[in-house]
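Beneath this line is the structure, given in structure tokens, with notes to follow.
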Amino acid sequence: MTPGVLVILVLVLGGIGFVLGRRRALQSAAREGLKLHSLPGYYGQTVALFTVVPALFLMATWLFLQPIAIENSVSSQIPDSAVAEGSARSLVMVDVRRIAEGLDSLAEQGALSEQVLLDMRADLTNVRSRLAEVGVALGSEVSPAVFEAAKSYRGIEHTASSIRTVAVLIAALVFGAWAWMRIKPRMRARNVSETFVKALLMGSSLVAILTTVGIIGSLLFESIQFFKLYPATEFYFSTVWNPQFRGGSDFGFLPLLWGTLYVSFIALLVAVPVGLMIAIYLAEYAGSHLRSFAKPAIEVLAGIPTIVYGLFALITVGPFLRDWIAQPLGLGTSSSSVMTAGLVMGIMLIPFISSLSDDIINAVPQAMRDGSYGLGATQSETIKQVILPAALPGIVGAFLLAASRAIGETMIVVMGAGAAARLNLNPFEAMTTVTVKIVSQLTGDTEFASPETLVAFALGLTLFVFTLGLNVLALYIVRKYREQYE
Amino acid sequence: MSEAATQDAVNASVEQPVIKMRGTGVNVFYGDKQALFDVDLDVRQHSVTALIGPSGCGKSTFLRCLNRMNDTIDICKVTGEITLDSENIYAPMIDVVELRARVGMVFQKPNPFPKSIYENIVYGPRIHGQVSTRAEMDEIVEKSLIKAGLFNEVKDRLQEPGTGLSGGQQQRLCIARAIAVSPEVILMDEPCSALDPIATAKVEELIDELRVNYTIVIVTHSMQQAARVSQRTAMFHLGKLIEEGPTDKMFTKPDHKLTQDYITGRFG
Amino acid sequence: MTDMTADKPAASTGPARSLLKVGERTRKRNAAEKRFRMLGLAAVVFGIVALLGLMTSILSNGLSSFNQTYIALDVYLDPAKLDKNGNRAPEDLRKITTFTVQPLILSAMQTMLEERELAAEGVNAKQAAALISKEAPAELRRYVIANPDQIGETVSFDLLASGRIDGYFKGRVTMESAALDRNISPEQLMLADQLKQAGLLELRFNWAFFTAPDASDTRPEAAGLGVAILGSAYMMLIVLVLSLPIGVAASIYLEEFAPKNRWTDLIEVNIANLAAVPSIVFGILGLALFINFVGLPQSAPVVGALVLTLMTLPTIIIATRAALKAVPPSIRDAALGVGASKMQAIFHHVLPLAAPGILTGAIIGLAQALGETAPLLLIGMVAFVREYPGAPPEGFFDPASALPVQVYNWTQRGDPAFIERASGAIIVLLVFLLIMNAVAILLRRRFERRW
């Protein structure tokens, strides 16, 4: 039974539990002639919660742990001899998994019966071509040991799934029944179910923490793998980025860092003055009519997906810059360039900066403006000498958040900046960024355990640390600023 | 101008009152709502004019008309005529910036800029181009602070933020800030309502001293304060000017019953 | 004016400096004021121009994808070729290949040209048949399998014209560009003109764009958004089902129950940070955690949805907390005052009052998720998928595409006709987003309360 169906089944059981619990509460109250402590619905709710929550929790944990357990037990079955020279056990395991998947789809399509599959042997059948029929392409012929491992992988997985289904259903029934048995008129069902709900609420708030832990965990784990294969100093200080399919790659981080910073710099150069001036104009000069229209419009604009801007860079801005500026001036012939990506990213950031700055400028109390106007200052003098200095921390915060967004932006640079890792000053040259390389290293067909793939995690980790620093600083500044005027 | 000459001017004004500002038929509208009805009021030079009346009577509105602070409110419309030295300040070619340099304002809540004390004071003179060198600035800061009676308290921390002062000090800083531009008229909108009694006493004392050199219009809710600091008092009620006259007379035998009731605390 | 110092009060009786004469310095300051204001206006204009440029670029490139060129053709479904055994057995029919069908189209084209007496110099029958999309044989094959009884009849089809012909009628391909093009010749275009005059070729609204699956590199005219729209819909469904309850539950806990201590502070900072973490990092998380570790299938909507849920959660939590905060404490007090438990006060009174704000936040979060591309690239949703995913819940695990990823996918193809498709897909995406945002704004306007 697949997890989806199982979830639905558990939910149905929960529904039944609700009805039964409610009925039992009413009946027992009538029988004993006592008043129920809580409304009858709470008794039903208690039973339903006890039925559903532990079962689903069990299932989630199981789904999470099952692959690890199976992986370990199957991995130990593979003799060292089956691991080819220069390869790793984890690479062999990738093959095992893929063969198992292929066998699954063979069985599903009805091309082979279960029995035939079990009897199939790698040394007798051409497993590779059979699997190719169902779209599983293998790099080499399958060795008998690997094939047997795959078969046992499949077997264990099937058994585990069956046990999982049974275990989850039993959990649902046992906990549900236990809660149902406990129903007595004097039972404080409302308190029980409320405590339960509160625990659920608390659990939900942990998801955010778990996400962060997951991000840091996965980035760190894989990055460490990478740094075991490739020295960190070379990664961070080399100026050559040249990944090869067949090993011996150079992964110099500096050209990527340069491209990232250069693009972000141009983007901020466009976005900060324009965005800030728009915010000032809307906050200080525009009439309430224009404001009531412009404010939501800017928010909607800030929600335009970056792929839209990416396409804009690719089909319009890039060719325009190349044909009208770069080529006539002899600065380059590439339509994807730092300038293209920077300009378009700047346009993307304008509503973001405007929206943030507008909030910040509006947080400056009216009394400041009155004080300045009362002294005979003009509006622009008031803005430049009173409002902006007062709002400066907030604006710096907004600027840092924008910088963090620019550095982490992916689609615009993937479609507008190019893929060549270069250290160059000419903004009309194609350069590349950290995010572009993460995408290109992880969407290729390289093996997962190779440094060519793992480098993406090291890049991701660096990117994460960088943006995290900017975000924390920005949020701290903005928070302090808000407190000042509250 | 020598001390004696100043004194002459003061004497002259006592003998023959000079009308510094004059409102004639002033109506103010906030959108559809009329806030002031046909107000005629003179402000005499070198005297303190107090505007009193219950909340919402239009006294603050009138005050804000005198240096066109109401311009910052979109829906506010002013008709009628207000003159400064016989020139209509609502005439089309008038520049509010120049007007406000001559008619300064101190607000209800102290509102120092989030800058240093020094910067707070030189801000006005600098934008009006009255000072340019460091020496001039130092001088104006010292003079303004001395006049506002704050110099001794803050002279060692001029570079500290103005927001770090106590409420009363902040308000005197705001007065010093207004004086620094050397206005002719200073408008004060309940300048003591956010202050404790001791700070209030200091500010009132200051107002009395400033009268010698400036023309002051003050809005206040406190009858005692009006009696203590002002020479003339104007009573507003429901957007209308009820009566206006010397403070002594207003507080002893007002012409109008409403004034009598308000002063004795029967309403308001 | 500069000679005035603080020392000199206005002792004069007449105007010392007339207000009616604007001073030199004031004039300069007013000029500066005007300049500054113009600068602000210029910034606004720049923003609007950039936006118009963006929209014009997308619309001018993409609107044409909603129309498609079709060629009407009567095809004789030759039994000798399609069903050699003559028994119409489905399993035999399924073995028909597009190579079997191709000659039928060729001869149908030939017949039509002869009947209508249409010809262009230097265009042989094969080149004439090349006006028709390479997708046409596949369409014919499907038709034959579905309607075996029609074998032996002559059936009228409206077949897709090839991408170049389609481009010709949309202005993308010209006689000059055709002369340089290996795939099409000016003569073929002339023939297409004749077909159009004969009423056999027309531009029609392109329903298939919204329903058909993606097509390979050589047949942009057949590429559609069907799989992508379905994949996006699946993902949005899961995102909504997961992120709304979890987000609301987390917000209720943080806003109403959580003690104010370091731990909840940490959660708060953490949520604010998550909202600003680059989306691609979530993609890496999805790849490492859900695909490599848990072993969920690549390209599956369920993985995309999980990643997007984690990304959407902070948005929903921030919006929900703001909505809860906006409900005044008096409401809680009133409920507690009549003896409701805290939980009851929140679920019966506070939550319903905060619901419009929460919904608005959820819609905006979903809109963000709908347009997110980068993380989906990493979890393999960029793969070429032609099969529709199955019905949920099983279909959640089938490979699918997503709208923004489909756009990216098309921009990576060689044929310029795919740029038109990509822009068209962007328009579809933007229309969805516009609808969602409009609903959110309407909700806010309609139910916004001021306390």
Side-chain angles (χ1 to χ4, degrees), chain A residues 2 4-5 63-64 67 190 194 197-198 200-202 204-205 207-209 211-212 214-215 218-219 222 274 277-278 280-281 285 296 300-301 303 305-308 311-312 314-316 347 350 378-380 401 404 408 410-411 415 435 438-439 442-443 448 457 460 463-464 467-468 471-472 475, chain C residues 29 32-33 36-37 39-41 43-44 46-47 50-51 54 57 61 246 249-250 252-254 257 267 270-274 276-278 280-281 284-285 287-289 292 294-295 310 313 341 343 367-368 371-374 377-378 382 393-394 396 404 407-408 411 419 422-423 426 433 437 441:
Chain A
T2 61
V5 177
L63 280 177
F64 199 71
R190 200 194 68 223
E194 282 187 357
V197 170
K198 195 172 160 186
L200 278 184
L201 297 182
M202 195 161 91
S204 304
S205 73
V207 172
I209 293 276
T211 308
T212 309
I215 289 175
S218 54
L219 287 177
E222 306 287 357
V274 176
M277 279 312 288
I278 290 180
I280 288 172
Y281 191 82
Y285 288 108
V300 171
L301 287 184
T306 55
I307 179 88
V308 181
L311 191 66
F312 184 48
L314 184 77
I315 64 179
T316 306
I347 293 173
I350 288 173
T378 64
Q379 230 168 331
S380 61
L401 280 181
S404 142
T410 310
M411 292 323 292
M415 295 164 81
T435 49
I438 293 177
V439 170
L442 285 182
T443 49
F448 197 75
F457 290 90
L463 179 70
F464 179 74
T467 51
L468 184 76
N471 295 339
V472 170
L475 291 170
Chain C
R29 287 170 61 193
E33 167 73 26
F36 189 76
R37 208 182 160 130
L39 212 61
L41 205 57
V44 174
F46 179 88
L51 184 70
L54 178 75
S57 147
N61 277 296
I246 297 180
I252 291 178
Y253 178 74
L254 290 175
F257 291 103
I267 296 183
N270 183 38
I271 287 171
N273 269 320
L274 275 184
V277 166
I280 193 155
V281 171
I284 299 181
L285 172 73
L287 179 65
L289 190 67
N292 284 329
V294 183
L310 296 182
L313 265 180
S341 69
M343 200 65 86
Q368 259 174 31
E372 201 52 70
T373 321
L377 296 184
L378 298 194
V382 75
E394 303 304 313
F396 291 146
V407 174
Y408 173 72
T411 61
I419 292 295
S423 304
I426 287 274
L433 292 180
N437 273 297
I441 289 175

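Each chain gets a letter, A, B and so on, in the order the sequences are listed, and its residues count up from 1.
- Residue C/Leu41 touches chain A through both its backbone and its side chain, counting heavy-atom pairs closer than 4.5 Å.
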Start with the C-alpha distance between C/Ile426 and A/Phe312, add both sets of side-chain angles, then the distance that settles side chain to side chain contact (heavy atoms under 4.5 Å, CB included), and finish with yes or no.
-> CA-CA 10 Å; C/Ile426 287 274; A/Phe312 184 48; over 6 Å; no

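- In plain terms, the two heavy atoms of C/Tyr253 and A/Met202 that are nearest each other are OH-SD, 3.1 Å.
- Both the backbone and the side chain of C/Ile246 come within less than 4.5 Å of a heavy atom of chain A.
- Of all the heavy atoms in A/Ser205 and C/Ala250, the pair that sits closest is CA-CB, 3.5 Å.
- For C/Ile419, the part lying under 4.5 angstrom from a heavy atom of chain A is the side chain only.
- Note: A/Ile315 leads A/Leu463, A/Thr467, A/Ile315 in heavy-atom pairs under 4.5 Å with chain C.
- Using a 4.5 Å heavy-atom threshold, the side chains of C/Leu310 and A/Val207 count as touching.
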How far apart are the C-alpha atoms of A/Thr211 and C/Asn270, what are their side-chain angles, what is the distance that settles it, and do they pass the side chain to side chain contact (heavy atoms under 4.5 Å, CB included) test?
-> CA-CA 10 Å; A/Thr211 308; C/Asn270 183 38; over 6 Å; no

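- Side chains of A/Ile350 and C/Leu51 form no contact here, defined as non-hydrogen atoms less than 4.5 Å apart.
- At a threshold of 4.5 Å between non-hydrogen side-chain atoms, the residues A/Leu311 and C/Ser423 count as touching.
- Heavy atoms closer than 4.5 Å to chain A are found in both the backbone and the side chain of C/Ile284.
- Side chain of A/Asn471 to main chain of C/Ala276: a donor-acceptor pair is present (N/O by atom type, distance under 3.5 Å, no hydrogens or angles).
- C/Leu54 touches chain A through backbone and side chain together, each having a heavy atom under 4.5 Å away.
- Both the backbone and the side chain of C/Leu39 come within contact range of chain A, judged by heavy atoms closer than 4.5 Å.
- Only the side chain of C/Leu254 comes within contact range of chain A, with at least one heavy atom under 4.5 Å from a heavy atom of that chain.
- Closest approach of A/Lys198 to C/Met343, counting heavy atoms only: N-CE, 3.7 Å.
- Closest heavy-atom contact between C/Leu433 and A/Gly303: CD1-O, 4.4 Å.
- For a residue to count as touching a neighbouring chain, one of its non-hydrogen atoms must lie under 4.5 Å from one of that chain's; by this rule C/Asn273 touches chain A with backbone and side chain alike.
- Listed by chain and number, the residues in a side chain to side chain contact (heavy atoms under 4.5 Å, CB included) with A/Thr378 are A/Ser380, A/Glu381, B/Val97, C/Arg29, C/Asn30, C/Glu33 (sequence neighbours excluded).
- Residue with the most contacts toward chain C among A/Ala208, A/Ser218, A/Gly408, A/Pro296: A/Ala208 (heavy-atom pairs, distance under 4.5 Å).
- Both the backbone and the side chain of C/Tyr408 come within contact range of chain A, with heavy atoms under 4.5 Å apart.
- Listed here is the closest heavy atom pair of C/Ser57 and A/Thr316: OG-OG1, 2.6 Å.
- Annotation: salt bridge (charged side-chain N to carboxylate O under 4.0 Å, His left out) contacts of C/Arg37 (sequence neighbours excluded): none.
- Neither the backbone nor the side chain of C/Ala367 comes within contact range of chain A; no heavy atom of the residue lies under 4.5 Å from a heavy atom of that chain.
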Would A/Val300 and C/Ile441 satisfy side chain to side chain contact (heavy atoms under 4.5 Å, CB included), going step by step from the backbone distance to the final call?
-> CA-CA 10 Å; A/Val300 171; C/Ile441 289 175; 4.0 Å; yes

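- Across C/Gly47 and A/Ile278, no two heavy atoms sit closer than the pair CA-CD1, 4.4 Å.
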Any chance you could lay out the side chain to side chain contact (heavy atoms under 4.5 Å, CB included) test for C/Val281 and A/Leu219, step after step, and finish with the verdict?
-> CA-CA 9 Å; C/Val281 171; A/Leu219 287 177; 4.2 Å; yes

